[in-house]
There are 2 protein chains.
Amino acid sequence: MQRGMARTTGSHSQTTGPRVRAVAEHLFAKHGFAAVSMRQIAAEVGVQAGALYNYTPDKQTLLFSLMHDHMVELIAAWDATATMSTPTASVAAFTRFHIAYHLARRDAVFIAYMELRNLSPENFAVIEGLRKAYEQRLEQIIRDGVAQGVFVVADTRIATLAIIGMLTEVTTWFRDGGRLDVDGVADLYVAMVGRVLGIGEDRRSVS
Amino acid sequence: MQRGMARTTGSHSQTTGPRVRAVAEHLFAKHGFAAVSMRQIAAEVGVQAGALYNYTPDKQTLLFSLMHDHMVELIAAWDATATMSTPTASVAAFTRFHIAYHLARRDAVFIAYMELRNLSPENFAVIEGLRKAYEQRLEQIIRDGVAQGVFVVADTRIATLAIIGMLTEVTTWFRDGGRLDVDGVADLYVAMVGRVLGIGEDRRSVS
DNA sequence: GTCTATACGGGGATAGAC
DNA sequence: GTCTATCCCCGTATAGAC
């Protein structure tokens with residue numbers, strides 16, 4: 001994706017490398033990291049198990065790499081979406097972004113939440129740092145809204161976590177073709193998030 | 001717990017059986033079902049691997065049994081707590097109950113949410129049914145509140161799921177000895193849940 | 001009820017030919 | 001870059017002695 005063309009004649013690496021990652025992501029999400037063998041991944045890719053080690057030094061690094069790239073892309077995608085705006089508009093945009101992005105990349109999201117225990121302590125720290133960085137985007141919006149008096153929350157940090165939890169939970173039940181489409185769900189959540197933040201609440205002594 | 005005294009002289013089953021379950025619950029929560037071996041469980045219990053099969057026909061049934069008992073106890077505990085009351089009081093009680101119970105039984109909760117993929121289809125269906133039964137307790141409260149005009153929600157089902165997601169997320173970050181204790185956290189969530197349900201919102205044409 | 005011993009399969013990872 | 005072959009270890013589960 002982000003490299004120039006490789007010139008290795010007769011090589012399949014341009015296709016096999018990404019395929020290994022895609023297959024691993026899918027199988028890890030479906031069965032869990034520990035339950036998936038390198039042989040299974042290889043079979044699905046269409047190579048022998050030994051060939052996978054041209055693309056990762058070991059299984060655990062493959063997992064970390066998937067999680068890491070997912071988190072980096074998540075943050076980059078939000079930063080590309082976010083615009084200078086009012087806190088109310090920003091939090092609505094974040095809500096829509098989070099739901100849409102998480103539903104579009106369900107396998108990667110699932111892995112990033114479920115397979116943390118399979119990471120080495122150092123790798124775990126890296127992923128946790130990225131997650132915190134993402135949450136801070138929302139927390140900063142809420143902080144700004146509170147400062148400007150348009151949000152009324154008792155505890156900014158807890159409100160952030162509660163909202164993240166509420167939004168992420170959508171991935172556990174949403175099914176394409178169900179009663180509501182993504183936009184319909186997002187509309188409902190924008191409204192609920194607004195309520196959690198006390199938007200439009202009765203307040204005294206506000207200009 | 002719920003059986004009468006066994007009389008088998010010289011037997012340790014009264015202690016080993018529960019210990020197997022406790023150890024398995026702890027290890028499954030910490031490392032994941034697939035990553036934990038029967039040998040590990042046995043070592044922690046202090047018996048040989050073969051001896052575990054006096055208490056479970058196989059590893060997968062042990063997992064199912066832990067999840068099943070947890071869900072049954074969760075529902076029973078709520079039903080014992082719930083009292084005839086106003087929707088507003090009921091939803092506050094549910095919020096406090098859910099947070100306190102989930103924090104008190106974190107290992108079991110974690111397993112029940114994370115290890116669903118390791119269940120056979122039939123076992124999965126049983127656990128899903130129990131989860132639905134639990135969610136329906138909250139959904140019914142919300143439905144009653146809407147019917148009585150004290151809650152204002154756009155979509156009862158989605159509000160139920162959003163609230164469950166918000167409450168369950170507490171287990172991912174709460175640490176004993178942190179800034180807030182369980183009651184303090186619960187207070188904040190009671191307030192946020194109330195907002196999601198539109199308690200005290202401006203309404204026209206309500207008695 | 002627990003032990004030892006073991007069957008049998010599959011795990012991650014590497015070596016060396018092509 | 002991929003293959004075949006293989007190392008060595010560990011997985012679940014069972015059998016039969018005590």
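In what follows, chains are A, B, ... by sequence order, proteins preceding strands, each numbered from 1.
Between the CD atom of Q48(A) and the P atom of dG11(C) there is a distance of 13 Å, given to the nearest Å. One interatomic measurement links the two molecules: CG of L52(A) to P of dT4(D), which rounds to 14 Å at whole-angstrom precision. Atom pair H31(B):NE2 and dG11(D):P shows a separation of 12 Å (rounding to whole Å applied). Rounded to an integer number of Å, the gap from Y55(B) OH to dA13(D) C1' is 17 Å. dT14(C) atom P lies 8 Å from atom CG of D58(A), rounded to whole Å. In this structure, CZ of R19(A) is placed 11 Å from P of dT2(D), rounded to the nearest angstrom. For L63(A) and dG12(C), the CG to C1' distance is 15 Å, given to the nearest whole Å. When the P atom of dG16(D) is taken as reference, atom CG of N54(B) falls 16 Å away, rounded to whole Å.
T16(A) has a side-chain polar atom (N or O) that falls below the 4.0 Å cut-off from OP1 or OP2 of dT2(D). Using a 4.0 Å cut-off, no side-chain N or O of Y53(A) falls inside it from OP1 or OP2 of dC3(D). OP1 or OP2 of dG11(C) lies within a sub-4.0 Å distance of a side-chain N or O belonging to S37(A).
When distances are taken from the side chain of R39(B) to each of dG12(C), dC3(C), dG11(D), the shortest belongs to dG11(D). Nearest nucleotide to the side chain of K59(B), out of dC3(C), dG1(D), dA13(D): dA13(D).
Contact annotation for V45(B): no contact, since no heavy-atom pair falls under 4.0 Å across all strands.
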Exercise. For the pair Q140(A) and D144(A), evaluate side chain to side chain donor-acceptor pair (under 3.5 Å) and give the outcome as yes or no after the intermediate values.
Key: CA-CA 6 Å; Q140(A) 189 57 51; D144(A) 291 345; 3.0 Å; yes
Exercise. Would you please test F94(B) and Y189(B) for ring-ring contact (aromatic ring centres under 6.0 Å, His included) and show each step?
Key: CA-CA 11 Å; F94(B) 184 91; Y189(B) 277 81; over 10 Å; no
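With Y113(B) as the aromatic partner, R131(B) meets the cation-pi criteria of under 6.0 angstrom to the ring centre and within 45 degrees of the ring axis.
Remark: of the listed residues H70(A), Q60(A), R21(A), R21(A) is the sole one forming a side-chain hydrogen bond (donor to acceptor under 3.5 Å, both in side chains) with S65(A).
A donor-acceptor pair under 3.5 Å is formed between the side chain of T172(B) and the backbone N or O of E169(B).
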